[in-house]
Amino acid sequence: MQLLIIHADDFNYSLTGKTPVAEEIDPNLVNEAVNFLEEPLVIFCTVEKEDVKNTANIVKQAFGEIKEIADKLKPRMLVLYPYAHLSNSLAAPSLAISALNALKTELEPFYTVYRAPFGWYKSFKISCKGHPLSESSRHITDSAAVAGAVSSKKTREDVVKDVESEFFILNYDGAETKIDLKNESVLDDKVLKGFPSLRKVIAYEEFKIKEGETPPSVSAMRRLEIADHEENSDSGHLRFYPKGTLLYKLLSDWAEDIALNHLKCMEIETPLIYNWNKPEIKGQGESFHERHYSVFVPDEKSDTGGFAPSKEFVLRFAGDFGLFSMLKDAKMSYKQLPLRFYEISKSFRYEKSGELSGLRRLRGFTMPDIHSFCLNLEEGFNEYQVLYRTYADLAEGTGIEYAVVFRIVKEYYDKYKDKIIELLKYSKKPALIEVLSKMKHYWALKHEFQGVDSVNGSCQLSTVQLDVEDAKRYGLNFTAETGEKTGCIICHSSVGAIERWMYLLLEEALKKNIPVFPLWLSPTQVRIIPVSDKFMDFAVKLKEDMFKSDIRVDIDDRDFSLGKKIMFAEEEWVPYIVVVGQKESESGVLSVRDRYKERKNFNFTPPDFIKGIKAGTEGMPFRKLILPDMLSKRPIFVG
């Protein structure tokens, strides 16, 4: 049971609507405002699913905590206010109502107690007194089951408290320097002077420097009509406008091409929703510390509605569940390994509201995941190296700024240090190495490419993890040469969330004096601007020729001056602007304003111009323009 306790000057609320689990109350109360409950102690209360194991003990403990606070503060009355927003693990409505009534009964011999109705939408106003004891919270657990417990949930600190860390900077020339990440002065150490990107990541991730500064992409994504917040959804879920949808689709195509054509993965698709009562699902969920969406289903056996008390599901917060369930039932032979599987799908994590930021951190995001199942540790590490090099090539190809961070158990660092140096030589980057005294997760080794934004913050992009434990947990076995069932070594990897790539590409563009996307990702690659309607036929003919060559080109046919049309194209970051008039139509030579070259003008014949664009996008995915090619036909989404 979760309690938020506020000592108030006054508190009032009114009922505004009925939820499917609302308890029946006097109809006269539905539209009646309850005003000015003066000098109350307001107890916002969430009854949790775990409370069913020993409800009487939970109520007894809650009574003791509330009475102790009330005896100190001497409120005029107590208000028990059902509040479902203090936990993701809600008890069945019948249990919650029963527990609240029992708590009210326990408190009534000592105080006047008012209980607000359960399951109703309510508006309320509260005036907190603001003294040192006016706000407090309590998490009540079954202390009969866990003696002396404040909370029965396993925290990150519980998991890692016995694991010690050492930190090193490992250069690609093999030089290794131990550093102290408890002391911020390490940022001034000469070992980091030559590695600015890595220094930025350490400053942000370890010392929280720049944390809270709003990246400019948060406003730019809206101004450029790429993405925006959706007010009718939960926070952290965005709408994508057509330009943003094109970016999203192109990056998704890029991830798919890597997986299916370069790495020859098998593609699968699995559900978004999973049974939280399955031990393996809940076990993995502990590592996310309840940052998941719970889904409750209707109780089909109930005549009065409500949710089924024994059924709780979660939206997927990682891509493992469905694949591992699929392979648990599959027959695999050592002759078939390694096996690679690819899936791109939405995942959901209930990040704290203060952590949400534009495209950088969301509650709903798209993960292109690759899982490789290997024969043994040697084959697993070989696969790890293939994936590292693949993702390094991709990160370099996008031109974004990034740094490398490894986290590795000591025995594996001692074994693979020389191989890690070889990987750093490949990407020509140093790495921050965290060496762990022992295992604290399912992986023995992992690395992250940490992208750096325009305000020197960072966020994870690509990652590869060498998993030595999950095969046993999930029963993922292959038939060995001896005929025995043997567990796989698993490489978990992802090129990175699609939305986060969008974020870092925006941020990388915003670092430049003249922002621009890579050509293959620019929603409009060429903007044709006829100086008057007289040259529209020439503009259309040029556009059609470019269309046939798979170039995204549009025409500004609106009633604006030439100067304004050029300004609008610049504001949209269009890479190439072609103004056509008498000279161009007669000579057949185009004057092209090149955003990649400081907006300088260059002359090309149309075939040479097309050839240059095709060379600049060679090997990258292409999608056609998804907006009308005449700007006069386009709606304005923002502004």
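None of the values given here were measured: they were computed from a predicted structure.
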Any side-chain to backbone donor/acceptor pair from Ser294 onto Asn88? Under 3.5 Å, distance only. yes
Checking Arg361 side chain against Arg500 main chain: does a donor-acceptor pair fall under 3.5 Å? no
Go through Tyr576 and Ser522 one step at a time and tell me if the side-chain hydrogen bond (donor to acceptor under 3.5 Å, both in side chains) criterion holds. CA-CA 10 Å; Tyr576 299 115; Ser522 295; over 6 Å; no
Where is the tightest heavy-atom contact between Glu507 and Ser217, given as atom of each residue plus distance? OE2-OG, 2.7 Å
Contact check, side chains of Pro215 and Ser357, non-hydrogen atoms, under 4.5 Å: yes
Would you find more than 12 non-hydrogen atoms of other residues, nucleotides or ligands less than 6.0 Å from Lys614 atom NZ? yes
Begin with the C-alpha distance, continue with both residues' side-chain angles, and end with the deciding distance and a verdict on side-chain contact (heavy atoms from CB on, under 4.5 Å) for Ser235 and Arg363. CA-CA 7 Å; Ser235 299; Arg363 288 175 175 165; 3.8 Å; yes
Would one find more than 12 heavy atoms of other residues, nucleotides or ligands at under 6.0 Å from atom NZ of Lys472? no
I'd like to know if Asp414 pairs up with Lys410 as an ion pair, taking the criterion as any Lys NZ or Arg NE/NH1/NH2 lying under 4.0 Å from an Asp or Glu carboxylate oxygen. yes
For the residue pair Glu448 and Gln460, establish whether any side-chain heavy-atom pair is separated by less than 4.5 Å. yes
Just how far is it from atom OG of Ser165 to atom CZ of Arg407, taken to the nearest 0.5 Å? 8.5 Å
Looking at Ser458, is its backbone amide N or carbonyl O close enough to the side chain of Arg360 to form a donor-acceptor pair, meaning the two atoms are under 3.5 Å apart? yes
Under the side-chain contact (heavy atoms from CB on, under 4.5 Å) rule, what do Tyr334 and Thr486 come out as? Steps first, then yes or no, please. CA-CA 9 Å; Tyr334 73 97; Thr486 305; over 6 Å; no
Using atom types as modelled and distance alone, determine if a side-chain donor or acceptor of Asp453 lies under 3.5 Å from a backbone N or O of Asn456. yes
Crowding at NZ, Lys419 (>12 non-hydrogen neighbours, <6.0 Å): no
Heavy-atom nearest pair, Leu198 first then Pro430, reads CD2-CG, 4.1 Å
Lys429 charged N/C atom sitting above Tyr402 aromatic ring, 6.0 Å / 45°: yes
Which of these passes salt bridge (charged side-chain N to carboxylate O under 4.0 Å, His left out) with Asp554: Arg527, Lys543, Lys243? Arg527
So does Pro242 get a backbone contact from the side chain of Glu225, meaning a donor-acceptor N/O pair under 3.5 Å? no
In this structure, CG of Leu224 is separated from CH2 of Trp573 (nearest 0.5 Å) by 5.0 Å
Starting from the C-alpha separation in whole Å, work towards a yes-or-no answer on side-chain hydrogen bond (donor to acceptor under 3.5 Å, both in side chains) for Thr524 and Glu572. CA-CA 9 Å; Thr524 292; Glu572 291 182 53; 5.1 Å; no
Here the pair of heavy atoms bringing Ile498 nearest to Ala255 is CD1-CB, 4.4 Å
So Tyr293 and Asp234, side-chain hydrogen bond (donor to acceptor under 3.5 Å, both in side chains) or not? Walk me through it. CA-CA 11 Å; Tyr293 278 89; Asp234 189 17; 2.5 Å; yes
Would the distance check show the side chain of Arg552 and the main-chain N or O of Arg623 forming a donor-acceptor pair, the cut-off being under 3.5 Å? yes
SB check Glu499 Lys346 (cutoff 4.0 Å): yes
Hey, are the side chains of Phe365 and Met367 touching, using non-hydrogen atoms and a 4.5 Å cut-off? yes
Donor-acceptor pair, side chain of Arg222 and main chain of Asp228, under 3.5 angstrom: no
Donor-acceptor pair, distance only, cut-off 3.5 Å: does the side chain of Glu383 make one with the backbone of Cys374? no
Are any of the side-chain heavy atoms of Phe609 and Met546 separated by less than 4.5 Å? yes
Pair Ser345, Thr270 - check side-chain contact (heavy atoms from CB on, under 4.5 Å), show working. CA-CA 8 Å; Ser345 182; Thr270 58; over 6 Å; no
Can you confirm whether Lys512 is buried at NZ, in the sense that more than 12 heavy atoms of other residues, nucleotides or ligands lie under 6.0 Å from that atom? yes
Salt bridge or not for Glu343 and Arg316, using N-O below 4.0 Å? yes
With the side chain counted from C-beta on, respond yes when Trp254 and Thr398 share a heavy-atom pair under 4.5 Å apart, and no when they do not. yes
Any side-chain heavy atom of Val314 sitting closer than 4.5 Å to one from Ile273? no
Within-4.5 Å side-chain heavy-atom neighbours: Ile489 and Glu379: no
For residues Leu238 and His229, report the shortest heavy-atom separation together with the two atoms involved. CD2-ND1, 3.6 Å
Is a donor on one side and an acceptor on the other found under 3.5 Å between the side chain of Ser252 and the backbone of Tyr248? yes
Rounded to the nearest 0.5 Å, how far apart are NZ of Lys485 and OG1 of Thr479? 3.5 Å
So NZ of Lys49 and OG of Ser87: to nearest 0.5 Å the spacing works out to 11.0 Å
Check against salt bridge (Lys or Arg N to Asp or Glu O under 4.0 Å), Lys428 and Glu396: CA-CA 10 Å; Lys428 295 183 176 60; Glu396 289 294 329; over 6 Å; no
Over 60° means perpendicular and under 30° means parallel, so tell me whether Phe324 and Tyr474 are parallel, tilted or perpendicular. perpendicular
Kindly compute the distance separating CG (Leu337) from CE (Met332), expressed to the nearest 0.5 Å. 6.5 Å
side-chain contact (heavy atoms from CB on, under 4.5 Å) assessment of Val464 paired with Leu466: CA-CA 7 Å; Val464 185; Leu466 187 65; over 6 Å; no
Measuring from Leu521:CG to Leu250:CG, what's the distance to the nearest 0.5 Å? 6.0 Å
Grab the two heavy atoms, one from Val405 and one from Val201, that are nearest each other, plus how far apart they are. CG2-CG1, 4.2 Å
Does a side-chain heavy-atom distance below 4.5 Å link Ser462 with His447? no
Tell me if a side-chain donor or acceptor on Arg389 pairs with a main-chain N or O of Tyr426 at a distance below 3.5 Å. no
Quick check on Glu481: does its CD atom have over 12 non-hydrogen neighbours (other residues, nucleotides or ligands) under 6.0 Å away? no
For Phe449 and Tyr391, I'd like to know if the aromatic rings sit close, meaning centre-to-centre distance below 6.0 Å. no
Closest non-hydrogen atom pair, His441 against Glu469: O-OE1, 3.7 Å
Are Asp173 and Lys425 close enough for a salt bridge, meaning some N to O gap below 4.0 Å? no
